[in-house]
Participant: 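Okay, here's the structure, questions in a sec.
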Amino acid sequence: MSYHKELAAAKKAASLAARLCQNVQKALLQSDVQSKTDKTPVTVADYGSQALVSFVLQQELHAEFSLVAEEDSKDLRKDGAQEIVERITKLVNDSLTSDGSYNVTLSTEDVLTAIDSGISEGGCQGRHWVLDPIDGTKGFLRGDQYAIALALLDGGKVVLGVLACPNLPLTSLKDAGQHSPNNEVGCLFFAEVGGGTYMQPLDGSSAAKVQVSAVENPEEASFFESYEAAHSMHDLSSLIAQKLGVKTPPVRIDSQAKYGALSRGDGAIYLRFPHKGYREKIWDHAAGCIVVTEAGGVVTDAAGQPLDFSKGKHLDVDTGIIVTNQKLMPLLLNAVKESLKEKAPSS
């Protein structure tokens, strides 16, 4: 089955949402330091991104659709939220005007309704779009990495994924670091089941096929992990790296931009071990997962099981998520098992 039409719609939706987020982040970084602790910019961008993606999917697909997404409009309908709702509506309309494809002006109610398209629960039946309107909100506020992550599930399986990474350099992080010297940033990764993974600049110029790193020797492998220690146990990751013989220090970046960078071979391993009690959400991994697997990579939980996106909003994984190429996976799984055994309190 081909998903070309859906993929084209998803690319358009994520690209437009990325432009909206870039405008908000630019204004945020130019504002005075006082407002950096203020979460309003990310709130406005988060809701604006979700409204735009929902609207574009509706326009492009001309059909009812199910969307599983992070936000709903409950807080925006409370007393005192009117000013924020107006800001979101203006941002959405400005983005639509600058794009020029849709000759329409949305009302605040249109925008709230679009945000509320995202209240589906997902599951194993039928098709469900899965969206994280801003993945990596802390990175967004710092001026670092974040992603707009959109995927489509069909019968509980991820069949396409798009990652818009507005701050990710177009060249490898190994060369550029996180901040590109020529300021050439903004990547769009996209994948359709059976069709491989491609990357193009967010400005829409030509796409190139990407492949995960072919590194077979763990000593030559570099690894990614979450920037925030609150999101992943860095001490466990470093023990695993030590057992593997990895020589380079970890590259810590926010969001599913890690999956994008890994899909083009910037690093060879991504480790994510959330603290006890945390349940993974499908929107944090669906798009990234297919972007990596279609580029030749493998994504499993710590027990080596593939991720199951058919159970609703949550992913029930064993201990954590590990991502690498097919050659390194057996070695990595082994190092993970040994490290977990070592870390476990002796009974």
Side-chain angles (χ1 to χ4, degrees), residues 10-11 13-31 35-53 69-71 88 91-92 95 115 118 130-151 161-170 173 176-180 183-190 199-203 224-232 251-264 266-267 270 272 274 280-289 291-292:
K11 285 167 66 180
S15 301
L16 259 179
R19 199 175 306 159
L20 176 147
C21 295
Q22 281 171 302
N23 292 338
V24 176
Q25 195 185 52
K26 202 161 143 194
L28 163 72
L29 298 175
Q30 287 166 352
S31 65
S35 64
K36 294 287 164 60
T37 51
D38 173 21
K39 295 291 184 281
T40 317
V42 77
T43 307
V44 168
D46 220 4
Y47 285 119
S49 171
Q50 183 158 319
L52 257 185
V53 168
E70 196 164 14
E71 308 301 344
I88 295 164
L91 267 171
V92 169
S95 302
I115 290 166
V130 178
L131 170 69
D132 195 335
I134 292 188
D135 183 33
T137 49
K138 290 194 167 76
F140 179 87
L141 284 166
R142 271 198 310 297
D144 285 336
Q145 299 303 329
Y146 65 100
I148 294 89
L150 180 61
V162 176
L163 284 179
C165 307
N167 287 341
L168 193 67
L170 290 166
L173 291 175
Q178 278 199 58
H179 300 280
S180 173
N183 216 20
E184 289 183 349
V185 297
C187 304
L188 185 71
F189 296 90
F190 56 94
M199 181 191 94
Q200 68 185 56
L202 260 176
D203 65 16
F224 292 123
E225 63 181 356
S226 300
Y227 186 94
E228 300 283 337
H231 294 173
S232 189
V251 178
R252 289 182 177 154
I253 60 176
D254 301 277
S255 85
Q256 287 178 71
K258 290 185 280 291
Y259 281 108
L262 201 94
S263 76
R264 66 181 187 192
D266 288 12
Y270 165 31
R272 179 179 167 101
E280 295 282 6
K281 320 284 190 311
I282 59 172
W283 51 73
D284 286 327
H285 299 282
C289 188
V291 160
V292 164

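No experiment lies behind these values; they were computed from the predicted model shown.
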Participant: With no hydrogens and no angle check, just 3.5 Å: does a side-chain donor-acceptor pair link Asn167 and Gln25?
Facilitator: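 Judged by distance alone, the side chains do pair up.
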Participant: Salt bridge between Glu280 and Arg272, side-chain N to carboxylate O under 4.0 Å?
Facilitator: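 Here Glu280 pairs with Arg272 in a salt bridge, since their nearest N and O are under 4.0 Å apart.
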Participant: Please tell me if the side chains of Arg19 and Ser95 come closer than 4.5 Å, counting only heavy atoms from C-beta onward.
Facilitator: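 With C-beta onward as the side chain, the pair stays apart.
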Participant: Hey, does Tyr227 have a side-chain heavy atom less than 4.5 Å from the side chain of Arg142?
Facilitator: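 With C-beta onward as the side chain, the pair touches.
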Participant: Looking at Ser49 and Pro133, would you say the former's side chain and the latter's main chain have a donor-acceptor pair under 3.5 Å?
Facilitator: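 Here the side-chain-to-backbone pair exists.
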Participant: State which residues pass side-chain contact (heavy atoms from CB on, under 4.5 Å) with Ala69; sequence neighbours excluded, sorted by chain then number.
Facilitator: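 Applying side-chain contact (heavy atoms from CB on, under 4.5 Å) to Ala69 gives Gln50, Leu67, Leu131.
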Participant: Rounded to the nearest 0.5 Å, how far apart are CD1 of Ile134 and CD1 of Ile148?
Facilitator: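 Those atoms lie 6.5 Å apart.
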Participant: Please report the closest heavy-atom contact between Ala261 and Leu173, naming both atoms and the distance.
Facilitator: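 Smallest interatomic distance, heavy atoms only, reads CB-CD1, 3.9 Å.
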Participant: Given side chains that start at C-beta, do those of Met199 and Phe190 come closer than 4.5 Å, heavy atoms only?
Facilitator: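 Contact flag for Met199/Phe190 side chains = no.
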Participant: Drop me the distance from Tyr259's OH to Cys289's SG, to the nearest 0.5 angstrom.
Facilitator: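 Tyr259 atom OH to Cys289 atom SG measures 6.0 Å (nearest 0.5 Å).
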Participant: What pair of heavy atoms forms the shortest contact from Gly288 to Leu163, and how long is it?
Facilitator: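 The pair with the smallest heavy-atom distance is CA-CD1, 4.1 Å.
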Participant: Test of understanding: with side-chain contact (heavy atoms from CB on, under 4.5 Å), list the residues that count as partners of Ala10, not counting sequence neighbours.
Facilitator: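 Counting only residues at least two positions away or on another chain, Ala10 forms a side-chain contact (heavy atoms from CB on, under 4.5 Å) with Trp129, Leu150, Leu160, Val162.
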Participant: Between Ser15 and Leu202, is any pair of side-chain heavy atoms under 4.5 Å apart?
Facilitator: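 The answer is yes, as the side chains (C-beta and beyond) meet within the 4.5 Å cut-off.
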Participant: Going by the rule side-chain contact (heavy atoms from CB on, under 4.5 Å), which residues pair with Leu91 if we only count those two or more places apart in sequence or in a different chain?
Facilitator: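 Leu91: side-chain contact (heavy atoms from CB on, under 4.5 Å) contacts with Leu20, Val24, Val44.
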Participant: Answer yes or no: is there an ion pair linking Asp144 with Lys138, defined by an N-O contact shorter than 4.0 Å?
Facilitator: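 Lys138 and Asp144: not salt-bridged.
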Participant: Considering only heavy atoms from C-beta outward, does the side chain of Val92 approach that of Tyr47 to under 4.5 Å?
Facilitator: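 When only atoms from C-beta onward are counted, Tyr47 and Val92 do not touch, as no gap falls below 4.5 Å.
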Participant: Output yes when a side-chain donor or acceptor of Lys258 lies under 3.5 Å from a complementary backbone atom of Ile253, and no otherwise.
Facilitator: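 Side chain of Lys258 to backbone of Ile253: a pair is present.
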Participant: Applying ring-ring contact (aromatic ring centres under 6.0 Å, His included), name anything that partners Tyr146, two or more places apart in sequence or on another chain.
Facilitator: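 In terms of ring-ring contact (aromatic ring centres under 6.0 Å, His included), with neighbours along the sequence ignored, Tyr146 is linked to Phe140.
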Participant: So Pro201 and Leu188, do their side chains get closer than 4.5 Å, heavy atoms only?
Facilitator: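 No - every pair of side-chain heavy atoms lies 4.5 Å or more apart.
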Participant: Search all heavy atoms of Ala147 against all heavy atoms of Ser255 and return the closest pair with its distance.
Facilitator: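 Between these two residues, the closest heavy atoms are N-OG, 3.7 Å.
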Participant: Sequence neighbours left out, what passes side chain to side chain donor-acceptor pair (under 3.5 Å) with Gln256? Give chain and number order.
Facilitator: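 If we apply the side chain to side chain donor-acceptor pair (under 3.5 Å) test to Gln256, skipping adjacent residues, the hits are Asp135.
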Participant: Ignoring hydrogens, what is the shortest heavy-atom contact between Gly136 and Asp254? Give both atom names and the distance.
Facilitator: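 Looks like CA-CB, 4.5 Å.
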Participant: Apply side chain to side chain contact (heavy atoms under 4.5 Å, CB included) to Leu170 and Val185, showing your working.
Facilitator: CA-CA 5 Å; Leu170 290 166; Val185 297; over 6 Å; no
Participant: Could you work out, with side chain to side chain donor-acceptor pair (under 3.5 Å) as the rule, every residue matching Asp266, not counting sequence neighbours?
Facilitator: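 Scan of Asp266 (side chain to side chain donor-acceptor pair (under 3.5 Å), adjacent residues dropped) gives Ser172, Arg264.
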Participant: Any side-chain to backbone donor/acceptor pair from Glu70 onto Trp283? Under 3.5 Å, distance only.
Facilitator: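 No: the side chain of Glu70 does not pair with the backbone of Trp283.
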